[in-house]
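For the single chain, residues carry numbers from 1 onward in sequence order.
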Amino acid sequence: MARTPRLNLAGFYHIINAGIKKRDIFLEDSDFIQFLSIIDEYAKLYSFEIYSFCLMKNYYHLLMKTNKGNISTIMKQINMKYAIYFNKKYKMAGSLWQGRFKSRYVWDSSYLEILVKYIEYNPVKAGIALDIGGYKYSMNSKRFEFEMLNYELINRVNLNEFTYEDLKKIDDFFNSKIAIKDNKVEKIEKVDKKQLNYFFDNFERKKAICEAIKNGYSQDEISKYLDLSISAISKLKNNYLSKESLFNKLKDKGIFWSFDKNAKYDNFNENVFIEYVLRYGDFDDIKKLIKLFGKRNVKKVWMKTLALDKRFIKINLMLARVFFDMNVEANYFKELKNGRLKKLKMLAT
């Protein structure tokens, strides 16, 4: 199937790209700086500005304003130069990016402010910052003085007013169809509201997919709407159902005795779920937990909630050595007992 041609109008664009197979594209602080430096270099050459950005470990968001119709050239040069830098530095080969970058032309001026909030909210959503502006590789951190950066929108918008309704508007805008008439962009079709109720919240996409299937949508319809393959939809659905099954199994065991007896997985905090399985689940439960949620996510919850709990020293030692591949020495017990241990990973080799 031929690719859909990109718009190449002057104006604002929301741009997203990610590492291939979700691989990290920024491994050190210097990588983040290098990427921003490349953007700054090309900003002078191609005449554009950045109004918001967020660089996460394996993907990035940019809000760019171009003065010419050259967005494809700009992003091709930026992504190519950074990929060359990355592969040379880390002695890698092959593609760095998951595919061609995603871009949306921002034709609605009122949407710009919501979009800035959304981009800056990413680190909070990912759990690596407590509030907007607390993450150093986002525009609102105000740590950078590159010429490409235009702080006009950031300074004008109240970033902390990011609401449920804003999320709906984000998805509504991204899934709307547009046409170009007289070199202007117009919206020509709105997303079906019934579908929008399921899929506006990307944070709970697996749950939304299962809910949509229960209510009569086929996997083919969902895959077309979300622009995902049917196999991907099936995997997301099965992953969610497996998590729900594990939750119900452990609930029947009485692990969640201190919570509402009618509690269900679809409204239960996932981090609390992970923490309780680590505390009270058996070996097979923990194996299943890591398979479903990923070692990185489970380890992050463990580090925050359980690793420094003196009541679970033996469990923590087992988790560290068996599940998280950490060679924790005996001084872990001594340090923990004396209250001097701040981060378990300090003792990992």
Side-chain angles (χ1 to χ4, degrees), residues 6 10-20 22-68 70-92 95-106 112-113 115-157 159:
R6 291 193 186 277
F12 283 94
Y13 288 86
H14 180 196
I15 298 160
I16 309 170
N17 209 353
I20 189 169
K22 299 183 179 180
R23 190 174 78 184
D24 285 353
I25 54 177
F26 305 110
L27 304 185
E28 300 176 353
D29 284 349
S30 58
D31 298 335
F32 292 95
I33 301 299
Q34 179 66 22
F35 185 74
L36 292 172
S37 299
I38 291 172
I39 296 176
D40 194 52
E41 174 189 344
Y42 283 117
K44 302 179 183 74
L45 180 62
Y46 292 113
S47 184
F48 66 83
E49 294 176 298
I50 300 296
Y51 280 72
S52 179
F53 71 83
C54 180
L55 310 183
M56 305 294 278
K57 283 191 173 182
N58 62 347
Y59 66 93
Y60 67 76
H61 287 267
L62 301 175
L63 177 58
M64 177 186 295
K65 183 183 181 183
T66 65
N67 295 315
K68 301 177 182 178
N70 56 352
I71 186 66
S72 294
T73 301
I74 291 169
M75 292 313 304
K76 179 181 178 181
Q77 294 298 322
I78 290 172
N79 287 335
M80 181 173 65
K81 185 160 186 175
Y82 182 76
I84 292 172
Y85 154 83
F86 185 93
N87 287 344
K88 182 177 180 181
K89 178 178 179 179
Y90 295 107
K91 297 179 173 56
M92 306 288 284
S95 177
L96 176 64
W97 307 107
Q98 67 175 0
R100 64 176 187 158
F101 65 95
K102 295 181 180 179
S103 66
R104 286 290 187 277
Y105 185 84
V106 186
L112 271 175
E113 295 188 3
L115 182 56
V116 170
K117 296 177 188 179
Y118 173 76
I119 292 173
E120 298 291 329
Y121 185 74
N122 266 263
V124 180
K125 179 184 71 174
I128 60 176
L130 294 177
D131 50 37
I132 292 179
Y135 179 64
K136 62 182 178 179
Y137 293 114
S138 65
M139 182 89 160
N140 195 50
S141 69
K142 307 286 181 69
R143 296 170 187 251
F144 305 102
E145 297 182 356
F146 291 109
E147 291 183 32
M148 64 179 177
L149 300 178
N150 188 322
Y151 286 96
E152 175 192 342
L153 275 172
I154 288 288
N155 292 334
R156 189 175 77 216
V157 175
L159 296 174

- Item | Verdict with reasoning, Leu96 to Arg23, per side chain to side chain contact (heavy atoms under 4.5 Å, CB included) | CA-CA 8 Å; Leu96 176 64; Arg23 190 174 78 184; 3.4 Å; yes

Flag side-chain contact, heavy atom, 4.5 Å: [X] against [Y]:
{"X": "Ile15", "Y": "Ile71", "value": "yes"}
{"X": "Gln98", "Y": "Asn17", "value": "yes"}
{"X": "Gln77", "Y": "Leu45", "value": "no"}
{"X": "Ile39", "Y": "Leu62", "value": "yes"}
{"X": "Tyr135", "Y": "Met56", "value": "yes"}
{"X": "Cys54", "Y": "Tyr121", "value": "no"}
{"X": "Lys89", "Y": "Gln34", "value": "no"}

- Task: Write out all pairs satisfying salt bridge (charged side-chain N to carboxylate O under 4.0 Å, His left out) with one or both partners inside residues 135-144, taking only residues at least two apart or from two chains.
- Result: Asp29-Lys136

- Any salt bridge (charged side-chain N to carboxylate O under 4.0 Å, His left out) pairs touching residues 146-155, not counting sequence neighbours? Glu152-Arg156

- Residues Tyr46, Lys68; criterion side chain to side chain contact (heavy atoms under 4.5 Å, CB included); working and verdict: CA-CA 8 Å; Tyr46 292 113; Lys68 301 177 182 178; over 6 Å; no

For [X], all residues meeting side chain to side chain donor-acceptor pair (under 3.5 Å), sequence neighbours excluded:
{"X": "Asn150", "answer": "Glu49, Tyr51"}
{"X": "Lys81", "answer": "Glu41"}
{"X": "Asp40", "answer": "Lys44"}
{"X": "Ser47", "answer": "Asn67"}

Measure the spacing between [atom1] of [X] and [atom2] of [Y] and express it to the nearest 0.5 Å.
{"X": "Ile154", "Y": "Lys117", "atom1": "CD1", "atom2": "NZ", "value": "11.5 Å"}
{"X": "Leu115", "Y": "Leu153", "atom1": "CG", "atom2": "CG", "value": "9.0 Å"}
{"X": "Ile119", "Y": "Leu63", "atom1": "CD1", "atom2": "CG", "value": "5.0 Å"}
{"X": "Ile38", "Y": "Tyr82", "atom1": "CD1", "atom2": "OH", "value": "7.5 Å"}
{"X": "Lys57", "Y": "Ile25", "atom1": "NZ", "atom2": "CD1", "value": "12.0 Å"}
{"X": "Glu28", "Y": "Tyr90", "atom1": "CD", "atom2": "OH", "value": "3.5 Å"}

- Considering non-hydrogen atoms only, spot the tightest contact between Phe144 and Phe53 and give its length. CD1-CZ, 3.9 Å

- Between Asp31 and Tyr85, is any side-chain donor less than 3.5 angstrom from a side-chain acceptor? yes

- Residues Met75, Tyr13; criterion side chain to side chain contact (heavy atoms under 4.5 Å, CB included); working and verdict: CA-CA 11 Å; Met75 292 313 304; Tyr13 288 86; over 6 Å; no

Closer than 3.5 angstrom, by distance alone: can the side chain of [X] be matched with the main-chain N or O of [Y] as a donor-acceptor pair?
{"X": "Tyr105", "Y": "Ala10", "answer": "yes"}
{"X": "Ser141", "Y": "Tyr137", "answer": "no"}
{"X": "Asn79", "Y": "Phe101", "answer": "no"}

- Item | Leu36/Leu55 under side chain to side chain contact (heavy atoms under 4.5 Å, CB included): CA gap, chis, key distance, verdict | CA-CA 9 Å; Leu36 292 172; Leu55 310 183; 3.8 Å; yes

- Query: According to the interplanar angle, ranging from 0 to 90°, do the rings of Phe26 and Phe35 count as parallel (below 30°), tilted (30 to 60°) or perpendicular (above 60°)?
  - Reply: perpendicular

- Kindly state whether the ring of Phe12 and the ring of His14 have centres lying under 6.0 angstrom apart. no

